[in-house]
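Here the structure comes first, spelled out in structure tokens, and everything after it is commentary.
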Amino acid sequence: MTTDSTQTLATGSRASWRRTHTCGELRSSHIGSTVTLNGWVAGRRDHGGIYFVDLRDRYGMTQVTLATELSDRTQFSTEWVVAITGEVVARESGNANAELPTGEVEVRVKELVVLSQATVPPFEVDDGIETAVEIRLRHRHVDLRRPEMTRNLIHRSRFIGAMRRAFEAQDFVEVETPILTKATPEGARDYLVPSRVHPGEFYALPQSPQIFKQILMVSGLDRYFQVARCFRDEDLRADRQPEFTQLDMEMSFVAEDDVFEAWEKVMASVFDEVMGIQLATPFARLTWREAMDRFGSDKPDLRYGLELVDLAQWVPLSGFKVFEGALAEKNGRVMAICVPGGGSAISRGQMKTLESRAKELGAQGLAWWKPGESGGGAGPVARFCEGDSGADLLARLGGGEGDLVLFCAGEQRLVWKVLGALRTDCARRLELIPKGHTAAEHYCFAWVVDFPMYEWDEETGAFMSAHHPFTAPVDPTLAGDQGELMSRAYDLVLNGWELGSGSIRIHDQKLQARIFDQLGISPQEARAKFGFLLDALGSGAPPHGGFAMGLDRVVALTLGLEGIRDVIAFPKTTSATDLMCGAPSPVPDRQLAEVHVARAGRGRTAEGGAASPAGA
RNA sequence: GGGGGCGUAGCUCAAUUGGUUAGAGUGCCGGCCUGUCACGCCGGAGGUUGCGGGUUCAAGUCCCGUCGCCCUCGCCA
């Protein structure tokens, strides 16, 4: 039986159902007062003579009680939105709920108004559910009602707010840059937006506000920041969405240290304000080369050891032809990691998994050794580790009996990649990674500096910028082998995640032109693509540099999450679709014609049929 | 684009060698219960086994195709 209470809703701006308190607010001090609460019915327990309702809003949960007479004549169910008015009463001792901040009291309901009915929820609106991501995304409006999801979004909001205050405290100015901008063939694939006014021409959504922020420096803004949406049409990962948010910044008349210091201040202030954590600054610094050689990664997780060890000196002692051959190759390396206790902790089955992982990354196989009592031991490399050879190796690795040694031989980049991945894998397996995200020691920040300027691209047979083409070289004379040039780019790394990257930029028009030349971009091409930047650099450009931090990532890490999906209100799936609103979707032909776009090849039409191939 | 995993009730899962009417928990609906808060007890409804084809006397199960989700390599200046 539905009450007529919904009829009483339209009673003007001072409706009687308006809440006086939130559902997370009531304490013993409120006992005796009459209150009105608004919220969602999170749970009901009918005990015959007394009826309990858990009322939930984003502030918390409050238990309210209904007399039989009231519960009998009022219909409501899970997730209905109701208003209750009643008296706050103490719970008798023994009935208090210590789990709930409001657990000392409850509200004895005199009146209940149904504000909105609800369909049965597709899954429980509660923390710790095991519902498939797909279902949660499809019903995101319900998913976000779950306290842990609400908490994530609130944490994100506070984090961003604190960042804004911290930058403003250092005189940074927030400036918005265009979302409809110019396509750049370099870098990631652009999302394109057809122009209606200019047939056949397209805007691109920004991969980052890079050029705009440099131009703001030329304009004399001196210190800029922005909470910037960025778009990259590339395949997704757990820590990658096609649209994501950066805390982007740029500053003038600076070198690396100035940028680092500005960020260290911001991070220290934000962690303190939002989480009460006192970060130690300055953050650790290591060169790219050191990061690769010690951890096999340019985003090393510094919370544990398992470092890579170079074995060039040991290989001749081993007499292992395969390793000797690898060393003789150009950029050949033989390296290993020693997994403490891995001799017994890593099973035969797990070794198979490690090996297939190594092969997946391009290794021929996985050489390993489990040292035994007297220098022998098990594994394909064991017979090269007998006697002095084994003793020498163990001394280099700092290991011994009971450990597991994993080798990798080959081209340097491959060795780094394989051992870097195995290092992470083993650390996870052996649970060497300290858990937690609530104390300073859970956060290992590090600046990685001195990246290579260029990377060789096999596909195009040309050098590409490792960072981006506006990055200043360490040596502005560009002397020496182009492949060996180092850049003034840097990354900030946290617990094995790349939080963001930046660089000191080129502020000299002539040097910028030379870099374009090294990238194989002709002067005509450079003018067409980046003419406005070159013009700006020629109009009085201050030395400048900056950095952009992936907000989704840092927010996820500070919540102890392993992916960024749960800190984004409406994220996309692995195939870049939005399951809630159904984007992307076909559009009617009329709409396509307006923007001068014709269908080509596969695809659905707005009418649901398949599009005819172009030219048909 | 490649590799791997998953897809059965609203949700989470089970179903022997291919074999009777596809089950359980939870949620939902109804009934009982005055102190629960993962309430308890009794009853009920709820299924295009992702979709399409094939093999077979017989398919949730085997084969082919396809779609979706997750992880991952490539990719992500």
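Below, chains carry the letters A, B, ... as their sequence lines are ordered, and counting in each starts from 1. Note that the structure is predicted; figures quoted are calculated from it, not measured.
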B/S/- contact track for nucleotides 66-71 of chain B, protein heavy atom under 4.0 Å: --SSSS
Footprint string (nucleotides 31-40 of chain B, 5' to 3'): B base within contact, S backbone only, - free, heavy atoms under 4.0 Å: --BBBBB-B-
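A donor-acceptor contact under 3.5 Å is formed by the side chain of A/Arg240 with the base of B/rC76.
Under a 4.0 Å N-O distance rule, the pair A/Arg91/A/Glu106 qualifies as a salt bridge. Taking a cutoff of 4.0 Å between a charged side-chain nitrogen and a carboxylate oxygen, A/Lys352 and A/Glu355 do not qualify as a salt bridge.
Whole-Å rounding puts the A/Glu455 CD to B/rG74 C1' distance at 14 Å. Between A/Leu361 atom CG and B/rC73 atom P the separation is 7 Å, expressed in whole Å. The distance from atom CG of A/Asp235 to atom P of B/rG3 is 14 Å, rounded to the nearest whole Å. Per the geometry, CZ belonging to A/Arg189 stands 9 Å off P belonging to B/rC76, to the nearest Å. Between the CG atom of A/Leu236 and the C1' atom of B/rU72 there is a distance of 13 Å, rounded to whole Å. Atoms CH2 (A/Trp80) and C1' (B/rC28) sit 13 Å apart, rounded to a whole Å. In this structure, A/Glu130 places its CD atom 12 Å from C1' of B/rG25, rounding to the nearest Å. Per the geometry, CD belonging to A/Glu234 stands 13 Å off P belonging to B/rG74, to the nearest Å.
One C1' atom belongs to B/rC63, the other to B/rG2, and the distance between them is 24 Å to the nearest Å. Nucleotides B/rC62 and B/rU8 have their P atoms positioned 15 Å apart, rounded to a whole Å. Rounded to whole Å, the separation between the C1' atoms of B/rU34 and B/rC70 comes to 48 Å. Distance noted for atom P between B/rA24 and B/rA9: 14 Å (whole Å). With C1' as the reference atom, B/rG47 and B/rA15 are 14 Å apart, rounded to whole Å. B/rA14 sits 41 Å from B/rC76 when the C1' atoms are compared, rounded to a whole Å. Spacing between B/rG10 and B/rA22 at atom P, rounded to whole Å, works out to 16 Å. The gap from the P atom of B/rU49 to that of B/rC11 amounts to 15 Å, rounded to the nearest Å.
Taking the side chain of A/Pro122 as heavy atoms from C-beta on, and the options B/rG10, B/rU12, B/rC76, the nearest nucleotide is B/rG10.
B/rG43 is paired with B/rC29 under the criterion used here, namely a Watson-Crick or G-U wobble arrangement in which both key atom distances are under 3.5 Å. Across every strand in view, B/rC76 sits unpaired, with no contact that passes the Watson-Crick or G-U test at under 3.5 angstrom. Pair assignment for B/rA24: B/rU12, on the basis of Watson-Crick or G-U wobble contacts that are both within less than 3.5 Å. Nucleotide B/rA38 forms no Watson-Crick or G-U wobble pair with any nucleotide shown, as no partner meets the under 3.5 Å limit on both distances. Base pairing of B/rC69 is made with B/rG5, judged by Watson-Crick or G-U wobble geometry with both donor-acceptor distances under 3.5 Å.
Between A/Trp288 and A/Phe451, the ring planes are tilted. Angles from 30° to 60° get that label. Aromatic ring orientation, A/Phe463 versus A/Tyr454: tilted (interplanar angle from 30° to 60°). By the 30° and 60° cut-offs, the orientation of the rings of A/His141 relative to A/His139 is perpendicular. Aromatic ring orientation, A/Phe212 versus A/Phe532: tilted (interplanar angle from 30° to 60°).
Checking the phosphate oxygens (OP1, OP2) of B/rG74, a side-chain nitrogen or oxygen of A/Lys417 falls inside 4.0 Å. The phosphate of B/rC29 (OP1 or OP2) has a side-chain N or O of A/Ser77 nearer than 4.0 angstrom.
More than 12 heavy atoms of other residues, nucleotides or ligands sit less than 6.0 Å from atom CD of A/Gln482. The number of heavy-atom neighbours closer than 6.0 Å to CZ of A/Arg140, taken from other residues, nucleotides and ligands shown, is above 12. Counting non-hydrogen atoms of other residues, nucleotides and ligands closer than 6.0 Å to CD of A/Gln241 gives a total above 12.
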side-chain contact (heavy atoms from CB on, under 4.5 Å) assessment of A/Trp416 paired with A/Leu308: CA-CA 8 Å; A/Trp416 283 334; A/Leu308 278 58; 4.2 Å; yes
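Looking at heavy-atom distances under 4.0 Å, A/Gln210 makes contact with a base.
Between A/Ile135 and A/Thr78, the one whose closest nucleotide on RNA chain B sits nearer the 5' end is A/Ile135.
Pairs engaging residues 569-579 of chain A under the salt bridge (Lys or Arg N to Asp or Glu O under 4.0 Å) rule: A/Glu243-A/Lys572 [sequence neighbours left out].
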